[in-house]
Every structure is written in C-alpha cells, then in structure tokens.
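Before any comments, here is the structure.
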Amino acid sequence: MKKTRLLLLIISLMITGLSRAQTYNIVIKGGHVIDPGNNIDEVMDVAVKDGKIALIAKNIEEKDGIQVVNARGLYVTPGLIDIHVHVFNGSNLDQQYMNGPNAIPPDGFTFRVGVTTVVDAGCAGWRTFPEFKRQTIDISQTRVLAFLNIVGEGMRGGPFEQNQKDMDPKLTAEFALKNSKDIVGIKLAHYSGRDWAPVKLAAEAARLANIPVMVDLGGAVPALSLDTLFMQVFRPGDIFTHCYAQLGTSRQSLVDPSTGKVFPYALSARKKGIIFDVGYGGISFAYSQAIPAIKAGFFPDAISTDLHIGSMNGAMKDMLATMSKFLALGMDLKSVIKASTWKPAQIINRQELGNLSVGSDADIAILNIRKGKFGLFDYTGYKIETDKKLECEMTVRAGKIVYDLNGIASPVILAGKKSAR
Ligand SMILES: [Zn+2]
C-alpha cells in the first residue's frame with residue numbers, strides 16, 4: 001500500500017513538474033494562418049492555453065507546448081461555423097426534424113470537417129426548445145446555437161408547419177430573449193401557402209427580440225416576390241437562406257435563368273445589407289444559379305450546409321465539400337474561409353467566435369488542400385471537375401484536440417468523449 005502511494009506521489013509530481021515547465025497546452029507550428037477577422041494571412045505559430053488562444057507569433061518554441069502540432073503545409077483557420085444545420089435528432093419517427101430521425105446528432109458530423117459551431121435552423125419552436133436544449137445543446141461537444149422556429153412546435157412536418165395559430169411572435173420573442181445564450185435568431189421555413197402572414201409574424205418576433213430572421217420562403221405557387229421580401233419585409237441583417245436555389249415556379253431566384261444576370265432586386269438587397277446564406281440542403285443549391293452568380297461577383301455571405309440525413313448523402317455531403325465547390329467556382333480561399341468563420345459569427349452577432357484573437361475560445365480547424373481529380377456535382381447531376389478539395393486534418397474545440405486525421409499532434413492525445421468500452 002505504502003509503495004503504491006509513494007509511486008502515485010512521484011508520478012503526480014512528475015506531471016505537475018512537466019506542465020509547469022511548459023507554458024502552453026498546445027503549440028501549432030508552421031501552419032499558414034488564415035484569420036479574416038484579424039486580417040492574418042501568413043505562416044504563423046499558434047499557442048493554446050486553458051481553452052483559449054494564448055498567442056499568435058512568427059515563432060513559438062516547441063518546448064513550450066505539452067502537445068506540439070506539425071501544421072507545415074496546412075492552413076490554420078478559426079473553427080468553422082455552419083449557420084444552417086438540423087441537429088434536433090430524436091426517436092419520434094413521425095416528427096421529421098423536430099426530435100425526429102431526419103435531424104442528426106452534431107458531434108458525429110462536425111469535428112471531422114473542422115466545424116466547431118453549428119446553428120440549428122428552426123428544428124425547435126418555443127414549445128419544443130427545452131427538450132432540444134436538454135438532449136442536444138447541453139450534451140454536445142460542438143457548440144450548438146439555434147434559430148427558434150416561429151412555429152411553436154418547430155419542424156414537426158406537414159400541417160404543424162402550416163398552422164398560423166401556432167405562430168405567436170410575442171411568445172416566440174420572449175422565449176428567445178430568455179434563452180439568448182443559445183438562441184441567435186428566428187426561423188421560418190416550409191410554409192406552402194401563398195400568404196405573407198407567416199413571414200411577417202416571423203419578422204415581427206425577430207424585431208421584438210432584436211435578432212435576425214432567417215427565411216426559407218417555402219413553396220408558394222406562383223412564387224412570392226423576392227423584391228417585396230427584401231425591400232419591404234426584411235431589415236438589414238435578416239437572412240435569405242437557400243440563396244442559390246432554382247426551384248422553378250415555386251421560388252424566385254437571384255439570377256435570371258434566361259439571361260444569367262443577377263436580378264436588380266438581389267443587387268439592391270445586398271446594398272441594403274440583406275444576408276445571403278447558402279443553406280445547400282437536398283435541392284436548394286443549383287450550379288445554374290451559383291455559377292453565374294459567382295462569375296458576377298455575387299458571393300455568399302455565409303457558406304452553410306443545411307445538414308440533415310437527406311442532404312449529407314446527396315450532392316451536398318459536408319461543410320468542406322460545400323466550401324470546395326465555391327473554391328472550384330472561382331472564389332478565393334480567403335473569401336471562402338471568411339464566409340465560413342468570421343462572417344457567420346457577425347451574422348449571428350457572436351463576434352467572440354469565428355476568429356483567432358488572443359483570449360477567445362480556442363476553436364481551430366487545420367485544413368489541407370488535397371490535390372487530385374475530383375468531381376463536384378449538384379442535385380441536378382451537373383458536374384464540375386476540380387483538382388483541389390479541402391480536407392480536415394485537425395479540429396480543436398475549446399482548447400482540446402477533438403479530431404486528428406493523421407496523428408499530427410505529438411503526443412497524439414484526443415479529448416473526445418470516451419465510450420463505456
Ligand atoms: Zn434547413
């Protein structure tokens with residue numbers, strides 16, 4: 001017994017001694033840092049301590065880190081922020097994205113692609129949010145924020161999302177304000193009637209809570225006017241998601257399909273400060289829109305996936321595949337990173353996220369540009385070929401390595417949740 005105690009004492013002294021000699025928990029060496037929020041675009045070292053970014057400098061000694069990451073030839077960026085996902089996964093089989101099987105649990109799909117923060121796009125409304133918080137937000141390592149659905153039941157599917165009686169702007173706004181740590185905006189989606197009331201109710205809730213509204217304009221036939229939405233209903237900072245969708249008669253588009261020109265209402269909306277979010281999804285991104293839009297310089301404000309079981313196994317796949325498409329379309333790497341980190345943080349008014357400022361939470365993605373021959377297609381089957389694709393080498397969340405593709409940390413220690421066996 002005595003011997004064991006002595007041994008334990010010696011080991012604990014050794015460990016304390018080790019961490020005392022080393023200033024940082026992690027030192028990331030030699031990576032090309034792209035941190036648009038701080039205008040950094042060069043090879044730098046990054047040090048992490050106690051969950052925070054401690055230092056970014058030209059040379060930080062390897063011996064100062066308990067773990068040293070070799071990032072030479074790789075890009076070091078803020079942890080990616082995906083502002084359109086569906087993560088209220090649950091076992092109620094008829095409830096679609098609200099505690100149902102169409103939504104997915106975040107940690108299984110985020111860290112492997114460099115994502116450290118997701119914003120759930122309206123799975124829960126005020127009535128169902130407490131359950132979402134308990135079973136997803138509070139137990140996930142991924143930071144999960146939310147747009148609260150204007151429908152009290154959230155995305156329960158079918159008639160639930162058409163029920164205007166369950167769209168209460170006052171209750172929704174009060175709930176959002178009470179839960180402002182988790183809720184960053186209001187969402188409207190899937191309304192199929194030809195009626196402005198749901199959009200106006202969602203916008204009213206957003207005004208009352210002083211947060212943005214994100215709108216998926218649903219499927220009215222003939223389509224509701226985007227000019228009216230942008231210029232009369234939206235305020236600067238409000239978000240139009242699925243911005244490169246081409247859905248025929250049920251949705252107006254940003255680009256005129258017959259001329260390939262960006263419609264004047266889209267240009268005016270951008271001037272006004274309306275936010276354009278990709279929200280890739282199952283059928284909400286078409287090259288027929290994205291190619292002419294990017295050619296005309298109409299870049300997205302936020303690159304996001306609309307992650308759910310349908311989109312992830314379709315053309316969309318994941319955040320990095322979506323970002324790779326914009327690279328292939330001619331958007332430069334820095335703009336692609338900005339639209340996946342700093343810009344989304346600003347859109348949801350969480351400027352403490354999406355950057356590598358000293359003192360901020362150490363959420364970091366280390367990315368590789370893989371060279372090869374790749375085909376990137378959309379849901380219509382249109383394919384473009386490219387020779388580079390983004391790949392995630394490492395993800396750090398709150399100062400801990402939670403994903404390491406090739407063991408570039410030394411020593412290799414991961415901080416993921418351990419299963420029972
Ligand atoms: Zn969605």
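Treat the numbers as computed from the prediction; the structure is a model and nothing was measured. When a ligand or atom number is given, it counts from 1 through the structure's own listing order.
Side-chain N or O atoms of Q162 include one that pairs as donor or acceptor with a backbone N or O of H190 at under 3.5 Å.
Distances from the Zn ion (ligand 1) to the N/O/S atoms of D306 are shortest for OD1. Restricting H86 to its N, O or S atoms, the one at the least distance from the Zn ion (ligand 1) is NE2.
Under a 4.0 Å N-O distance rule, the pair D45/K58 does not qualify as a salt bridge. In summary, R251 and D216 engage in a salt bridge, as defined by a charged side-chain N under 4.0 Å from a carboxylate O. Here E153 pairs with R156 in a salt bridge; the nearest charged N to carboxylate O distance falls below 4.0 Å.
Using a 3.5 Å distance cut-off with no hydrogens or angles, the side chains of D378 and T380 do pair a donor with an acceptor.
Using a cut-off of 2.8 Å, one finds that H308 contributes no N/O/S atom close to the Zn ion (ligand 1). In summary, no N, O or S atom of D216 is located under 2.8 Å from the Zn ion (ligand 1). Because the distance cut-off is set at 2.8 Å, H242 fails to qualify as a neighbour of the Zn ion (ligand 1), as none of its N, O or S atoms comes that close.
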